[in-house]
Q: 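Okay, here's the structure, questions in a sec.
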Amino acid sequence: MSYDEYDPQQREENQPEYRPGYSYYTGGHKPKRHTGLVAVLVVLAVFTGVVSWAVNVLGVRINLDRSGLRLTYEDQQTQQTQQTQTSATHSETDVSPDNVTADSAGQTAPETQPAAGGDAALEIQDSPESVENRPAEDANALSLQQIYQKVIPSVASISCIQHSGTATGTGIVMSADGYIITNYHVIEGAEQIYVLLEDEATYLAEVVGGDETTDLAVLRVEAQNLTPAEFGDSDALRVGDVVVAIGDPLGSELRGTMTDGIVSAINRDLNLNGRQMTLIQTNAALNSGNSGGPLINCYGQVIGINTMKMSSYSTTSATVEGLGFAIPVKAAKPILDELISQGYVSGRPAIGIEGQTLDLRTQFFFQMPSGVVITAVEPGSDAAAKGLEPDDVIVAFNDTSVSSLEDLVAAKNDLSSGDEVVLTIYRGGRYYNVNITLMDQTKSELY
């Protein structure tokens, strides 16, 4: 039946007969009256109110013990006294496990705490003077603090502007008139070089000379009265000697950082980009930016020039720590003397070209072999006289295949200037053999 067909009279005829306890409208149970329950609740409420009044006003206490329910009376002064005693008891015994100490009986007792409020304030006591730490049991040895104060004026921060960006490193002041030692790889490819000294003075530097084989370079700045470092005998080092390094790890923002360690090994032979080097090994922390900085003994003498850190082992690619290396000063001295006197090291062999490894994209696009592409030829060299030209690709050196610049450098470094070699050249789809007499590497960028 729809709503429009609803008949009130029919609805009235269909209603069920009224019965006590049933609802007329729903046909369900009609709510019963609970007058007895209401009366009980009223009595309990009245009783609770009377008890609360008795407790708060008259001091009546309700105690439940073995003898039953008892009512006791306490006046307000007694209540306040008990509350004060209870509060005092809690303040003496409510402590956390971190705030207790053991007494002589083996029990725990709270530590004494300062009184709250008043004129109490946090006080900082004067610290004792720093205890000097002697790195070696030697009457002539300096403390770490003394070493730093002695050497830091001789440490320079080096920033290089390159075509592809900037590079940073560290240098060592060698003389009062502006000669500064650093690593060759720090200044390699630099268009401008700036030197920042400990007194915040900045100078534009020129390259006096560089030697890629030993990774050494000498710079010169127009300055006088600089503080030169004191150099020591690296041959006197023993494994276990205490050393420190000072430099700019990760750049000039951390300039002047000193780290300490020991000599881990001496006369360590390593191959770096085709160059065999004999180095001092140390666990003093070295990072990018420390290159060219000093490794110092316990007398404040520079006994090494930091050159590299080994970050992974080639056979496993596992990350390693505590493997830093420095060029011994005794081995560096003759190289530095030659760089200062003539700008290069005599006897270093060079083909007389500049070049770079031929990249894979060029090889694939132009269908060329792997090798070293010549970018420039030194005028007056035997290579120029024999007709070598830019864009020629050197693919072999004395019948040994050459696939990269590192391969070429390693092959020629086994010889001396004046030796004759055979180069295999790729040009225009054909291969040629050319006999070349090696020359002195008068310029650091020559190969």
Side-chain angles (χ1 to χ4, degrees), residues 160 162-164 167 181-193 205-220 271-277 307 332 334-359 371-398 400 402-427 432-447:
C160 300
Q162 299 175 332
H163 179 73
S164 58
I181 303 168
T182 189
N183 284 147
Y184 175 82
H185 76 260
V186 170
I187 57 96
E188 183 178 14
E191 297 176 355
Q192 286 184 319
I193 303 172
E206 63 174 350
V207 178
V208 176
D211 183 53
E212 183 180 16
T213 302
T214 56
D215 198 23
L216 290 170
V218 177
L219 307 177
R220 178 76 186 276
N271 189 286
L272 178 63
N273 296 330
R275 305 187 305 271
Q276 190 74 14
M277 304 180 69
T307 184
I335 306 299
L336 299 173
D337 288 345
E338 282 201 66
L339 291 178
I340 293 173
S341 63
Q342 61 188 25
Y344 65 94
V345 178
S346 300
R348 294 278 190 258
I351 301 170
I353 56 99
E354 295 178 28
Q356 62 186 31
T357 302
L358 192 62
D359 62 88
V372 175
V373 60
I374 297 175
T375 57
V377 180
E378 177 68 12
S381 65
D382 194 39
K386 296 297 177 61
L388 294 187
E389 300 176 353
D391 296 330
D392 288 344
V393 179
I394 302 174
V395 297
F397 185 97
N398 279 346
T400 300
V402 171
S403 59
S404 66
L405 186 59
E406 289 74 18
D407 292 343
L408 181 63
V409 170
K412 77 176 183 64
N413 282 350
D414 289 336
L415 304 175
S416 301
S417 60
D419 291 345
E420 187 174 289
V421 299
V422 179
L423 301 181
T424 302
I425 304 297
Y426 175 84
R427 177 192 294 175
Y432 303 90
N433 287 331
V434 182
N435 294 330
I436 299 292
T437 300
L438 299 179
M439 61 179 293
D440 258 359
Q441 189 176 5
T442 56
K443 298 180 180 179
S444 58
E445 65 271 12
L446 291 182
Y447 298 102

Q: Between Ser416 and Leu438, is any pair of side-chain heavy atoms under 4.5 Å apart?
A: no

Q: Could you please spell out the steps behind the side-chain contact (heavy atoms from CB on, under 4.5 Å) verdict for Leu415 and Asn398?
A: CA-CA 11 Å; Leu415 304 175; Asn398 279 346; 4.2 Å; yes

Q: Verify, without hydrogens or angle tests, whether Asn183 (side chain) and Leu216 (backbone) share a donor-acceptor contact under 3.5 angstrom.
A: no

Q: Treating Gln162 as the side-chain partner and Glu188 as the backbone partner, does any N or O pair qualify as donor plus acceptor under 3.5 Å?
A: yes

Q: Near Asp391 CG, under 6.0 Å, is it more than 12 heavy atoms from other residues, nucleotides or ligands?
A: no

Q: What's the verdict on side-chain contact (heavy atoms from CB on, under 4.5 Å) for Val208 and Leu339, showing C-alpha distance, side-chain angles and the deciding distance?
A: CA-CA 7 Å; Val208 176; Leu339 291 178; 5.6 Å; no

Q: Can you check whether Tyr184's main-chain N or O pairs, donor with acceptor, with Glu212's side chain at less than 3.5 Å?
A: no

Q: Taking all heavy atoms of Glu378 and all of Ala384, pick out the closest pair and write down the distance.
A: O-CB, 3.6 Å

Q: Just by modelled atom types, is the Leu388 backbone N or O under 3.5 Å from a matching donor or acceptor in the Asp392 side chain?
A: no

Q: Donor-acceptor pair, Thr357 side chain versus Leu405 backbone, under 3.5 Å?
A: yes

Q: Ignoring hydrogens and geometry, is there a side-chain-to-backbone donor-acceptor pair from Glu338 to Ser346 under 3.5 Å?
A: yes

Q: Checking Ile193 against Leu219 for the side-chain contact (heavy atoms from CB on, under 4.5 Å) test, could you report, in this order, the C-alpha distance in whole Å, the side-chain angles of both residues, the deciding distance, and whether it holds?
A: CA-CA 9 Å; Ile193 303 172; Leu219 307 177; 3.9 Å; yes

Q: Check the pair Ile425, Ile394 against side-chain contact (heavy atoms from CB on, under 4.5 Å), reporting the backbone distance first and the verdict last.
A: CA-CA 5 Å; Ile425 304 297; Ile394 302 174; 3.6 Å; yes

Q: Who are the salt bridge (charged side-chain N to carboxylate O under 4.0 Å, His left out) partners of Asp215, not counting sequence neighbours?
A: none

Q: Judged by atom type as modelled, is there a donor-acceptor pair below 3.5 Å linking the side chain of Asp382 to the main-chain atoms of Thr437?
A: yes

Q: Please answer whether the main-chain N or O of Tyr447 pairs with a side-chain N or O of Lys412 as donor and acceptor at a distance below 3.5 Å.
A: no

Q: Give, for atom OG1 of Thr182 and atom CD1 of Ile187, the distance between the pair rounded to the nearest 0.5 Å.
A: 7.5 Å

Q: Quick check against the 3.5 Å criterion: does Asn435 have a side-chain atom that pairs as donor or acceptor with the backbone of Val422?
A: no

Q: In Å and rounded to the nearest 0.5 Å, what is the CD1 to CD1 distance from Ile436 to Ile353?
A: 10.0 Å

Q: Kindly indicate whether the side chain of Phe397, heavy atoms from C-beta on, has any atom under 4.5 Å from the side chain of Leu423.
A: yes

Q: Can a donor-acceptor pair be found between the side chains of Thr375 and Gln356 at a distance below 3.5 Å?
A: no

